[in-house]
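For reference, the structure is listed below as structure tokens.
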Amino acid sequence: MAPSPTGLLHIGTARTALYNWLFARHHGGTFVLRIEDSDRTRSSQEYEENILDGLRWLGVEWDEGPEVGGSFGPYRQSEKLARYREVVDGLLARGLAYPCFCTPEELAQRRKEMQKQGLPPRYDRRCRALSQEERERLIAAGKPHAVRFAVPDDGSVAWNDLVRGEVEFENNALDDFVLMKADGFPTYLLAVVVDDHDMRISHIIRGEDLISATPRQLHIYGAMEWPRPEFAHIPLILAPDRSKLSKRHGATAISEYREMGYLPEALANFIALLGWSPGDDREVMTKEEMIEAFSLEGIGKSGAVFDIEKLNWMNGVYLRRLTPEEYVARARPFLEKAALVGRACPRPPVDDQYITKVLLLEQERAKTLGELVDLVAFFFKRPESYDEKGERKWFKREGAAELLAAAEKKLASLEPFSVEQIEAAVRGLAEELGLKAGPVIHTIRLAATGRTKGPGLFELLEVLGKEEVLVRLAAAREYVQKAAE
RNA sequence: GGCCCCAUCGUCCAGAGGCCUAGGACACCGGCCCUUCAAGCCGGAGACGGGGAUUCGAAUUCCCCUGGGGCUACCA
């Protein structure tokens, strides 16, 4: 797996890494990570860290690569420039590659003209025709140049793609592609081949967007007389409009999902299923199960739309399966980040026990840890307003203020302030008022939380504590009375 | 435009000639449970892009069309 650090770890890249990892684990192979930083203008340390962090967070551990080492390093292309130079010089010496003195500006200009004439925009190979003397003269004169691969005029290249089957490209459809840029950095095409060979890579599993890079890579293997690895091109992850998923479609970085409160195991599980299936109807699977079931045959050929709804569902499943301890440990940082913990509500004291109770009360409802923050906010902050619809339905009712006053009185005398006691009190109150339990419960809920939805009322009130409940009930009562005037 | 790839419910997958009156999951709709929401349970609606061909028989094989996507840089 060889991501280039020119952006945050993308969902697609993460899935490719996951497939590589599952494949390696399934077959007892070695999963190699390499940083493809051959574009020095776009690569950055920050992105590299984001990628490494993201992969580790997802549980995709590499056996060889940056930070862990290995016997076939370096694992960063910027650190092995001399090696690429050596390969290029060999190709140059054998006439399989040639220096090109055309400037990027000239090339762009010619491309534009060809397009205008309705021709495919290709390199005209003019530097291929230069004589040896001319080349030496230009090089001696210090003219900057790139090195291009001399693609044969006819014939074709083909390979048996492990996902797609037989794929073939005609040579005459191929440009004389650049192997080394004028700045001495290799292009992707050269670097991957050299690295894959040096690192003894047996299988290359990558996105379909690189399928057209394959014939050119194959030519380099041929020219170097190196054994070819196997190729498997997996379909792309699509946006809802079925185009390649990109930033304009919303969150595409793994780190963004992490920040939103998705669990790594849920995200990994979901992403794995985008384009792969174990062959049966299993969906929620552990890493071990996926490793066991993984095969390239199980990978589909068509692009998969990233459906956030299903991810949300799956995240909810994982959230609910967490043990209380794990769940609280993972959720807490989100509360802290939202500054809910540590500030606000005077009573009861916001301590570990309180936080745990609050969190557990909402475990079933949250789809993400980020969403959880909103769900539990009222446990830390008194309601500043009341749900509009709820207000119309419960507060504008005849006798709402009286109901709240009666509830205050009744709850004030409870000892202990427990679920059972509260339930008995509230139900008793309904009876006294000649009402069904529903209206009473809903009115109290709105008063205590500002909301119409949430955990069971009795449980919620117990956690909030008597004192706090009474304060809120009084505030709501006053609010209702004032609104009635 | 050229080259390459793809084509089953709205979405993700199952299906590798008869087991398919096409199965599962998300979403959607209805019901149950119930103090609300959520969860859970039960049920419903919903697809083989079109046309040829091969075959006793095609979602599954072949061809054409159509549609979608990717690539087309001294990016990767």
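- By the salt bridge (charged side-chain N to carboxylate O under 4.0 Å, His left out) test, A/E134 pairs with A/R137, sequence neighbours left out.
- Across all strands shown, A/G454 has heavy atoms under 4.0 Å from base atoms, whether or not it also approaches the sugar-phosphate.
- In this structure, A/R451 forms no cation-pi arrangement with A/F378, as its terminal cationic atom is not both closer than 6.0 Å to the ring centre and no more than 45° off the ring axis.
- Residues passing the salt bridge (charged side-chain N to carboxylate O under 4.0 Å, His left out) test with A/R125, sequence neighbours excluded: A/D153, A/D176.
- Looking at residues two or more places apart in sequence or on another chain, you find a salt bridge (charged side-chain N to carboxylate O under 4.0 Å, His left out) between A/D124 and A/R110, A/R126.
- A heavy atom closer than 4.0 Å to some atom of RNA chain B occurs in A/V178, A/K181, A/A182, A/T187, A/Y188, these being the qualifying members of residues 171-190 of chain A.
- When RNA chain B is scanned 5' to 3' for any atom under 4.0 Å from a heavy atom of chain A, the first and last hits are B/G1 to B/A76.
- In a base pair of the Watson-Crick type (N1 to N3 plus N6-O4 or O6-N4) or a G-U wobble (N1-O2 and O6-N3), with each distance short of 3.5 Å, B/G40 is matched with B/C32.
- Pairs of residues two or more places apart, or lying in two chains, that qualify as ring-ring contact (aromatic ring centres under 6.0 Å, His included) and include a residue from residues 290-313 of chain A are A/Y19-A/F294, A/Y257-A/F306, A/F270-A/F306, A/W276-A/F294.
- Near RNA chain B, meaning a heavy atom under 4.0 Å from it, residues 145-154 of chain A has A/A146, A/R148 in order of number.
- Of the residues in residues 365-376 of chain A, those placing a heavy atom less than 4.0 Å from an atom of RNA chain B are A/R365, A/K367, in numerical order.
- Against RNA chain B, the stretch residues 101-113 of chain A makes heavy-atom approaches under 4.0 Å through A/C102, A/T103, A/P104, A/L107, A/R111.
- Scored by the side chain to side chain contact (heavy atoms under 4.5 Å, CB included) test, A/E49 finds A/Q45 as partners (sequence neighbours excluded).
- Residues A/S156 and A/N171 have side chains that never bring a donor and an acceptor to within less than 3.5 angstrom of each other.
- For A/K181, there are no salt bridge (charged side-chain N to carboxylate O under 4.0 Å, His left out) partners, not counting sequence neighbours.
- Nucleotide B/G57 forms no Watson-Crick or G-U wobble pair with any nucleotide shown, as no partner meets the under 3.5 Å limit on both distances.
- Among residues at least two apart or in separate chains, side chain to side chain donor-acceptor pair (under 3.5 Å) pairs with a member in residues 421-443 of chain A are A/K410-A/E432, A/E423-A/R427.
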